[in-house]
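What follows is a set of notes on a single structure, which appears directly below.
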Amino acid sequence: MKRFLYFSFFCLLSPLFLFFIGISTEAQPPLSTNSRWIVDESGKRVKLACVNWPSHLEVMVAEGLSKRPVDEISAEIIDMGFNCVRLTWPLFLFTNDTLASITVRQSFKNLGLIESISGLQANNPQIIDLSLINSYQAVVASLAKNNVLIILDNHTSKPGWCCSNFDGNGFFGDQYFNPDLWIKGLTKVATTFNTTNNVVAMSLRNELRGPKQNVNDWYRYMQKGAEAVHAANPNVLVILSGLKYDRDLSFLHNKKVSLSFPNKLVFELHWYGFSDGRAWEDGNPNQVCGQVVNDIKQKAGFLLDQGYPLFLSEFGFDMRGTNVNDNRYLNCFMGWAAEFDVDWALWALTGSYYLREGVVGMDEYYGVYNWNWSDIRNQSLLQRISSLQYPFKGPGSSEARPHAILFHPMTGLCVKRMSFLEPLVLGPCSEAEAWDYTPQKTLTIKGTYFCLQADKLGQPTKFGIICSKANSKWEVISDSKMHLSSKLENGSTICLDIDSDKNIVTNNCKCLNRDSKCDPGSQWFKIIESTRRRTEKRSFPEIKSIVKIIAKDFLGSFSL
């Protein structure tokens, strides 16, 4: 019997030794597509983690230049962790020569923005007397100089805030949306920047909408626009938006886009908390999350399975952190975005606007910057979404065998193991523990026999090697599919949770009924597939810890 037990020890420990001993490169434009991934010239995945920089309002100048030098903003975008900017532009800026030739100074003066002129003179004297079209080129040049990737987005035709169903900018044939003029503008923009390597993509039109929208005209003009852009600049990705404010691409189930060129097509999607009205605040978050995510799958998410990249070109939330609707939406969004590892662009960089909807200096509560562009509005929220800048998989990101990681959307962190005897904690996803989620519903540390077990209510989880009991099974439950549920020895059902120190514990499952007052965020965990090796180095085997667990969980099953 003893020989059998010693041999069992050895068999159990062998994979652990292999596990413990450990048996960012900049993108290289031009970019292309490889199935659902965006890749650079070397074939390595480039995960677009962008921020929107509005430049399409009445002034037709990139926001914030009266507050900060353009090069400071461009450099700080990289420092904040973004690798690209979705830079908006109004069609008339590139199709109306009279409009394009107005100087920046005159544009502000025409709108009575005298204080902004003083700010521009102080912060960007090299721009203030440029023509509007040249000032746009100067911003693109600044971003490129600071190694920011650039997506040029035709946001509207007539300069101004977007969007409504009846603003004349919504769909082909609307008052300000002449399809022929639009194609002329796309061609001019593509030609103007065809030697700027960092201009890696063009988004053909933002948020198609309104009573005239129809599928036949969508195919007719979007395909024509894509061909025009590619002919003028074959290096850029071509990004197509859907219908109904960029929320619906479901018509692509039945008919694919037909283009003469391969490996350059990307589709875009928008998703905000207010897109669903007050559902997040008034409804049960589990149910709302399940319904909305299922709707997104039907209307856009299926494109990933068809082999196209899906670029979430706008999402955003109230950076003050006090908006219940946005906070609940964000928890759900984070789980979805991490699971599908999509490319994205946050709305918006803007701390305030020169002029928006008749209001001078309007504060942008969704903005990364504060009102005067001097500081980050909410550092903790920016840090939280930084986890989405990390590519979990894709070409060139296959450093390790496929494994699962446990992502916690409410914090943007992942489950991390300090040792086999210490509680699991939350930490950066680059240091996440690698798991196998088995058909038997066990969560086993990759390359070992150690599985996650529930211990006691309100207490940290533990590890064991006898993984057939109920407390070693973890079911994905609730409409959100983000509760991980197990059973204690007394038969009671519990869910994975976090305590105030970010330790992983088990508590009674929250918000499984229709209660709209309940927030399940702390108990939401998403099992993410990854092929990335963690950056944290492991020390030599924790022999004492391992032996102690085995002795308690395994040897106790035998009579010596």
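Here the structure is a predicted model, which is why all the values come from computation and not from measurement.
For R377 and N370, the side-chain atoms include no donor-acceptor pair closer than 3.5 Å. Side-chain polar atoms of S250 and H253 form no donor-acceptor pair below 3.5 angstrom. Counted by atom type alone, T493 and K487 present one or more donor-acceptor pairs between their side chains at under 3.5 Å. No donor-acceptor contact under 3.5 angstrom links the side chains of R328 and N323, judged on distance only. In the model, S275 has no side-chain atom that pairs as donor or acceptor with a side-chain atom of H270 under 3.5 Å. Side-chain polar atoms of N378 and S380 form a donor-acceptor pair below 3.5 angstrom. Side-chain contact of Q453 with S472: a donor-acceptor pair under 3.5 Å is present, judged by distance alone. For the residue pair S203 / E268, a side-chain donor-acceptor distance below 3.5 Å is found, with atom types taken as modelled. At a cut-off of 3.5 Å, with distance as the only test, a side-chain donor of D326 or Y366 sits close to an acceptor on the other residue. Between the side chains of N490 and S492, a donor-acceptor pair is found at a separation under 3.5 Å. Side chains of S419 and E422: a donor on one and an acceptor on the other come within 3.5 Å. When only modelled atom types and interatomic distance are considered, E364 and T350 share no side-chain donor-acceptor pair under 3.5 Å.
Under the 6.0 Å cut-off for aromatic ring centres, W474 and Y437 do not qualify, their centroids lying 6.0 Å or more apart. Within the 6.0 Å centre-distance limit, the rings of F450 and F420 are counted as a close aromatic pair. Note: F315 and W344 meet the aromatic proximity criterion, with ring centroids under 6.0 Å apart. Taking the six-membered ring where the residue is Trp, the centroids of W271 and F333 are separated by under 6.0 Å.
Here the options are L496, N331, L484, D497, the test is side chain to side chain contact (heavy atoms under 4.5 Å, CB included), and the partner is W524; only N331 passes.
No donor-acceptor distance shorter than 3.5 angstrom exists from the side chain of N294 to the backbone of G290, with no hydrogens or angles considered. No donor-acceptor distance shorter than 3.5 angstrom exists from the side chain of N507 to the backbone of I494, with no hydrogens or angles considered. In this structure, T444 contributes its side chain and W435 its backbone to no donor-acceptor pair below 3.5 Å. Although no hydrogens or angles enter the test, the distance criterion places a donor-acceptor pair under 3.5 Å between the side chain of K264 and the main chain of N235. A donor-acceptor pair under 3.5 Å links the side-chain atoms of N286 to the main chain of C511, judged by distance alone. R532 contributes no side-chain N or O that, together with a main-chain N or O of A400, makes up a donor-acceptor pair within less than 3.5 Å. Side-chain atoms of T33 do not come within 3.5 Å of backbone N or O of W37 as any donor-acceptor pair. In terms of modelled atom types and a separation under 3.5 Å, the side chain of E314 and the main chain of L269 share no donor-acceptor contact.
Ionic pairing of K44 and D40 is not present here: no N-O contact between side-chain nitrogen and carboxylate oxygen is shorter than 4.0 angstrom. A salt bridge does not link D515 with K517: every distance from a Lys NZ or Arg NE/NH1/NH2 to an Asp or Glu carboxylate oxygen is 4.0 Å or more. Note on D436 versus R401: no salt bridge recorded, every NZ/NE/NH1/NH2 to OD/OE distance being 4.0 Å or above.
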Legend entry - Derivation and outcome, salt bridge (Lys or Arg N to Asp or Glu O under 4.0 Å), residues D341 and R45: CA-CA 12 Å; D341 205 7; R45 184 189 177 187; 2.7 Å; yes

Legend entry - N52 and R86: CA distance, side-chain angles, deciding distance, side chain to side chain donor-acceptor pair (under 3.5 Å) verdict: CA-CA 5 Å; N52 281 273; R86 181 176 180 249; 2.8 Å; yes

Inset, instruction - Evaluate the criterion salt bridge (Lys or Arg N to Asp or Glu O under 4.0 Å) for residue pair E433 and R417; output intermediate values, then yes/no. - result: CA-CA 6 Å; E433 188 60 60; R417 179 176 63 83; 3.1 Å; yes

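In this structure S74 satisfies the side chain to side chain donor-acceptor pair (under 3.5 Å) test together with S142, sequence neighbours excluded. N327 pairs by the side-chain contact (heavy atoms from CB on, under 4.5 Å) definition with nothing, not counting sequence neighbours.
The environment of K393 atom NZ is dense: over 12 non-hydrogen atoms of other residues, nucleotides or ligands sit within 6.0 angstrom. With a 6.0 Å radius and a threshold of 12 heavy atoms from other residues, nucleotides or ligands, Q306 has its CD atom above the threshold.
The shortest side-chain heavy-atom distance between L426 and I498 falls under the 4.5 Å cut-off.
Using cut-offs of 30° and 60° for the angle between ring planes, the F274 and Y272 rings count as parallel.
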